[in-house]
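Have a look at the structure below, then the notes.
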Number of protein chains: 2
Amino acid sequence: MSKIVKLKDVAKLAGVGIGTASRVLNEHPNVKDSTRRKVLDAMRELNYTPNNIARSLKSKSTRTIGVILIELSSAFYSDIVEGIEDTANEYGYSIFLNNTRKYEDRILESIQMMCEKKVDGIIYLGGTLTEEIQNKLLDANIPVVLISTGTNFKRKDTTEVFSSINIDNETAAFEAVTYLCELKHKKIAMLTINKDDKNSAMPRIKGYRRALEKNGIEFNDDLVFECEQSYQSGYETMQKILKLEERPTAIFSYSDLIALGASRAILQSGLRIPEDISIVGFDDIETTKYFYPAITTMRQPRYVMGSRGMELLIREINDKEGFKQHVILPVTLQIRESTSQKIKDLI
Amino acid sequence: MSKIVKLKDVAKLAGVGIGTASRVLNEHPNVKDSTRRKVLDAMRELNYTPNNIARSLKSKSTRTIGVILIELSSAFYSDIVEGIEDTANEYGYSIFLNNTRKYEDRILESIQMMCEKKVDGIIYLGGTLTEEIQNKLLDANIPVVLISTGTNFKRKDTTEVFSSINIDNETAAFEAVTYLCELKHKKIAMLTINKDDKNSAMPRIKGYRRALEKNGIEFNDDLVFECEQSYQSGYETMQKILKLEERPTAIFSYSDLIALGASRAILQSGLRIPEDISIVGFDDIETTKYFYPAITTMRQPRYVMGSRGMELLIREINDKEGFKQHVILPVTLQIRESTSQKIKDLI
DNA sequence: CTGAAAGCGCTTACAG
DNA sequence: CTGAAAGCGCTTACAG
């Protein structure tokens, strides 16, 4: 345990005042060159490491961002975190990560902890904002950006409260289904989570409907099947669909996880993908490219969602104005239809 | 921007000294009950949030752990991070996450940053420790735990320097191959990364060999195929294997990623898994259960690796003794052989 | 059991 | 351009 070197030690060795040493540390312009050099030499000689705790106490800025994450284990979020991370690093910020697993208590505690640790801003990732969580975030009185987060309560100005990053669900669904229509499918079923979900299911159903109608296919609510956001539920629901007297030739799925479960049901029944049934997923999780046959999907720009979100946040931290921005990112079709597709094209 | 409430304000409202307010905050026992209540009431009334930056400056403990991570996007690591997170939370610690992407510069910077932010300890996750990184970690002069990390340099006491969490590679490979032998396979190939890799490839090859010999099968180095740690390389290498005049009936793969690439090659050639060729992977990444047919694999106890690592670290932070511990965790066989297996058994 | 005071390691007006 | 001093919001011996 060597004694910790502080600025006072540096200043003494360099033969300057402690304030001057501090100015060198902070790259303050008004320091004579020769003085700067003396101080830098002393720092090197003593192997000085600045204490950011002390600096933060004075400067009121920790250069730290809190990231509240509803679920880490899903590859979906880890890419977003990667985007956040890289951008934060670029701007000299560090990240407090808290994986709250959807428990409201843990989320509230997490926000509290971040307030106590004096983060400069918070990114809230995924999940749904309850009124209580929103209030806690407002109390924190620091910039907040929501990424891929919905709300489950009504309040006129909800969208005005925090900046946000989201995807264009309706257009994405429209494009996915248009693609299937172009492949000449006439009977296209949709697998979705709860039809009442305003944040994503409803706009996607709307896009699905719009694409059908634009292609002269009548919308039929009986072809919109509800299931859970899980592999197993996709599997079971697809089994039911396969028993239909007149089964669809194509499936548009709310998520890749559901699409994968459905694919298992299809392959297990002896049918082929895409020869007998085409399927388009949503999210572009890793498994869709490693699956055989690889699954076509709507690719959410996850990395960009993270990095753009971080950029918004940093801008809000620096501009006290506090204009809230709402960014809607496009989703792109990732075609992986053919089992004979070259592996390099897949990945 | 309401004025920030500090302990002084609380003390004034409660009619006590600031030291007493601090003692209440820290749950110090020697405070009269009625005093404590007055202070707690004042805190509530003012909606007081302690400033942990100031507390840390005095107390020399930030209750913060730095996690240096070589690669986040892989689901492999996110489960470990989840284990770290949960355990950290349990003990009241927060996590600085830094995703360094294998760049040595970024790793060194990251360690530097964590020193400046005064983390109480560091967890280093995955990758390989170079001598320079090891020295930088030693300079930090705080507890460090390595999880699933190898070294690429020789130094007698390397393993004595930091505590570590690793898996039992040799036994894992032994069990995987024993399983294939029990299925009556006589010609079992191995797909591995660089045979010279001391940290994992060599012990796994040793386990593979031991299992073969125990089952009366002669070890044949020609059946150990080198490839890269990638889907594509697994695919290409398997294509070569399939062209062999006498092809193996089973494959033991160094990783799931390689196994998945190999599986694509097998299925694409018109052969079936497991009827024509059995395959056992390693890691238990998510895709192995969603693949069709689901892939049998050696399951690394990722969550436990994270939580045990965090426990080791916290113990080292509290005990100044600093006994280094080296935990070797077992890997378990996750059988997913049959395409007709019930979905609930798979997941 | 409690208050006053020193101090954690910095930054930043304020003089000069 | 630079030094001395006050202060960031706490904690913790030290008296009492």
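Throughout, protein chains are lettered first and strands after them, A, B, ... in sequence-line order, and every chain is numbered starting at 1.
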Both distances under 3.5 Å, Watson-Crick or G-U wobble: report the partner of dC14(D), or none. dG3(C)
Tyr124(B) and side-chain contact (heavy atoms from CB on, under 4.5 Å): which partner among Thr100(B), Leu69(B), Ile70(B), Val145(B)? Ile70(B)
When you compare dG16(C) with dT12(C), how far apart are their C1' atoms, in angstrom units rounded to a whole number? 16 Å
Expressed as a whole number of angstroms, how long is the span from His28(A):NE2 to dT12(C):C1'? 9 Å
Side-chain N or O of Lys58(B) versus OP1/OP2 of dC8(C): is the shortest distance under 4.0 Å? no
Can you tell me how far CG of Asp139(A) sits from OG1 of Thr49(B), rounded to the nearest 0.5 angstrom? 8.5 Å
Using a heavy-atom cut-off of 4.0 Å across all strands, would you classify Lys60(B) as base, sugar-phosphate, or nothing? sugar-phosphate
Along DNA chain C (nearest heavy atom to each residue), the more 5'-positioned of Asn30(B) and Gly19(A): Asn30(B)
Please report, rounded to the nearest Å, how far the P atom of dA4(C) is from the CG atom of Leu7(B). 14 Å
Taking any heavy-atom pair under 4.0 Å as a contact, classify Asn52(B): base, sugar-phosphate, or nothing. nothing
Toward the 5' end of DNA chain D, by each residue's nearest nucleotide, Asn51(B) or Thr20(B): Asn51(B)
Proximal nucleotide (of dC1(C), dT11(C), dG9(C)) relative to the Lys6(A) side chain: dG9(C)
How would you label the contact of Ser56(A) with the nucleic acid (heavy atoms, under 4.0 Å): base, sugar-phosphate, or nothing? nothing
At less than 4.0 Å, is any side-chain N or O atom of Ser22(A) found next to OP1 or OP2 of dT11(C)? Yes or no. yes
Does a side-chain heavy-atom distance below 4.5 Å link Gln325(B) with Glu316(B)? no
Is the phosphate of dC10(D) approached by Tyr48(B) (side-chain N or O, under 4.0 Å from OP1 or OP2)? yes
Examine dT11(C): is either OP1 or OP2 under 4.0 Å from a nitrogen or oxygen in the side chain of Ser59(A)? Give yes or no. no
Return whichever of Arg23(A) or Ile18(A) has its heavy-atom-nearest nucleotide of DNA chain C closer to the 5' end. Ile18(A)
Would you mind checking if Arg302(B) and Glu82(B) are paired as a salt bridge, meaning a charged N to carboxylate O distance below 4.0 Å? no
